[in-house]
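Let me begin by presenting the structure, written as structure tokens, before commenting on it.
Atoms within a ligand are numbered from 1 in the order they appear, just like the ligands themselves. No experiment lies behind these values; they were computed from the predicted model shown.
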Amino acid sequence: LSETSSDVIKFLRRLRTVRDFRPEPVSEGALADILEVGRWSGSANNRQPAEIVVVRDPEARQKLVGFGANTAGKAPVALVIVTPGDPARFELEVFDEGLLAERLQLAALAHGLGSGITTLKGEGPAGAKELLGIPAEKRVRCVIAVGARDEAAIQAKPKHPQPRKPIGAFAHWDKY
Ligand SMILES: Cc1cc2nc3c(=O)[nH]c(=O)nc-3n(C[C@H](O)[C@H](O)[C@H](O)COP(=O)(O)O)c2cc1C
């Protein structure tokens, strides 16, 4: 591997969930980059079904915590992903949402920011729609918390809280 590709691989490997954030705001430049990367995320048939509500208001973020987005309270920004809610395209909407979620996280990481995927639980999607003025027919599930990492809190936790299965249980060569 060239130095550049090994750097990029290291960068990709570094993407882990961050749940402890410092309260300072995310700069407008970083936020603009994150949203721009998200806007260029690929989607099935290039339908570009996703929209994002950028939630900075602390009270609204605390309400999102109550709806299941557990890390949206500490993070200065919560990115709420909205898709059309077309039952015939449910799988594709979820797939597109997943791609977008990780691209948002990678762009945040490129700015040295932490991020984490969280999901609204139970009645959470309905509550979030009402809170944020999102039409009821839309699909809302995924919230990306973004902010500066709280290093002290992160270091105080076990280093690899979510280990991975061995490569042999993951990759199968030529035949399952
Ligand atoms: C679809 C999906 C939903 C998730 N929902 C939550 C969540 O609600 N709250 C949370 O703290 N983490 C959530 N996560 C983060 C996972 O717990 C995390 O990716 C996994 O434990 C691996 O940890 P790592 O990212 O640090 O490697 C979610 C991840 C995915 C992909």
Side-chain angles (χ1 to χ4, degrees), residues 7-23 26 34 37-38 41-44 49-55 58 60-87 89-132 134 138-171:
D7 285 349
V8 175
I9 295 294
K10 270 191 212 140
F11 169 80
L12 293 171
R13 282 282 314 265
R14 258 206 348 259
L15 182 65
R16 303 294 306 276
T17 300
V18 171
R19 298 189 175 87
D20 300 290
F21 300 94
R22 297 203 306 264
V26 173
I34 293 166
V37 168
S41 185
S43 60
E51 298 170 274
I52 291 177
V53 183
V54 182
V55 183
R61 284 189 289 101
Q62 206 47 52
K63 286 191 180 145
L64 291 175
V65 174
F67 298 147
N70 51 309
T71 59
K74 278 193 247 169
V77 176
L79 302 174
V80 178
I81 301 178
V82 182
T83 61
D86 177 353
R89 297 183 63 85
F90 177 79
E91 262 189 25
L92 295 173
E93 283 189 27
V94 174
F95 196 111
D96 290 345
E97 176 184 58
L99 279 187
L100 170 60
E102 190 164 273
R103 284 212 194 183
L104 296 170
Q105 287 197 278
L106 288 168
L109 183 61
H111 272 280
L113 297 166
S115 68
I117 295 177
T118 66
T119 41
L120 301 166
K121 323 255 176 352
E123 298 302 307
K129 286 184 217 174
E130 200 185 338
L131 173 71
L132 303 172
I134 299 164
K138 303 275 186 189
R139 190 182 151 274
V140 177
R141 187 67 193 264
C142 184
V143 178
I144 312 293
V146 180
R149 297 158 55 96
D150 179 344
E151 285 304 337
I154 291 166
Q155 293 311 321
K157 286 181 174 171
K159 202 156 189 280
H160 291 293
Q162 304 287 355
R164 296 300 196 263
K165 59 188 173 189
I167 189 77
F170 174 69

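The two residues Val143 and Ala78 come nearest to each other via the heavy atoms CG1-CB, 3.8 Å.
One option in Glu97, Arg19, Arg13, Arg16 has a heavy atom closer to atom 16 (C) of ligand 1 than any other, and that option is Arg19. When the options Leu120, Ile117, Thr118 are ranked by their closest heavy atom to atom 31 (C) of ligand 1, first place goes to Ile117.
Using a 4.0 Å cut-off to heavy atoms of Arg164, the atoms of ligand 1 that qualify are 22 (C), 24 (P), 27 (O). Annotation for ligand 1: atoms under 4.0 Å from non-hydrogen atoms of Lys121 are 7 (C), 8 (O). Atoms of ligand 1 lying under 4.0 Å from any heavy atom of Asn70, numbered from 1 in the order shown and given with element: 7 (C), 8 (O), 9 (N), 10 (C), 11 (O).
What sits closest to atom 25 (O) of ligand 1 on the protein, heavy atoms only, is Thr17 OG1, 2.5 Å. In this structure, the protein non-hydrogen atom closest to atom 23 (O) of ligand 1 is Gln162 CG, 3.5 Å. Closest protein heavy atom to atom 5 (N) of ligand 1: Thr119 OG1, 3.5 Å.
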Could you walk me through whether Thr119 and Arg141 pass the side-chain hydrogen bond (donor to acceptor under 3.5 Å, both in side chains) check?
-> CA-CA 5 Å; Thr119 41; Arg141 187 67 193 264; 5.0 Å; no
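For Phe11, the CZ atom is densely surrounded, since the number of other residues' heavy atoms within 6.0 Å is greater than 12. Summarising the local packing, CD of Glu130 is surrounded by 12 or fewer heavy atoms from other residues, nucleotides or ligands at distances under 6.0 Å.
Of the charged side-chain nitrogens involved, none lies within less than 4.0 Å of a carboxylate oxygen, so that Lys74 and Asp150 do not count as a salt-bridged pair.
Side-chain atoms of Ile144 and Ile34, non-hydrogen and from C-beta on, never get closer than 4.5 Å to each other. Side-chain contact check for Leu104 versus Val146: every heavy-atom pair is 4.5 Å or farther apart.
Distances from atom 1 (C) of ligand 1 to the protein include no heavy-atom value under 4.0 Å.
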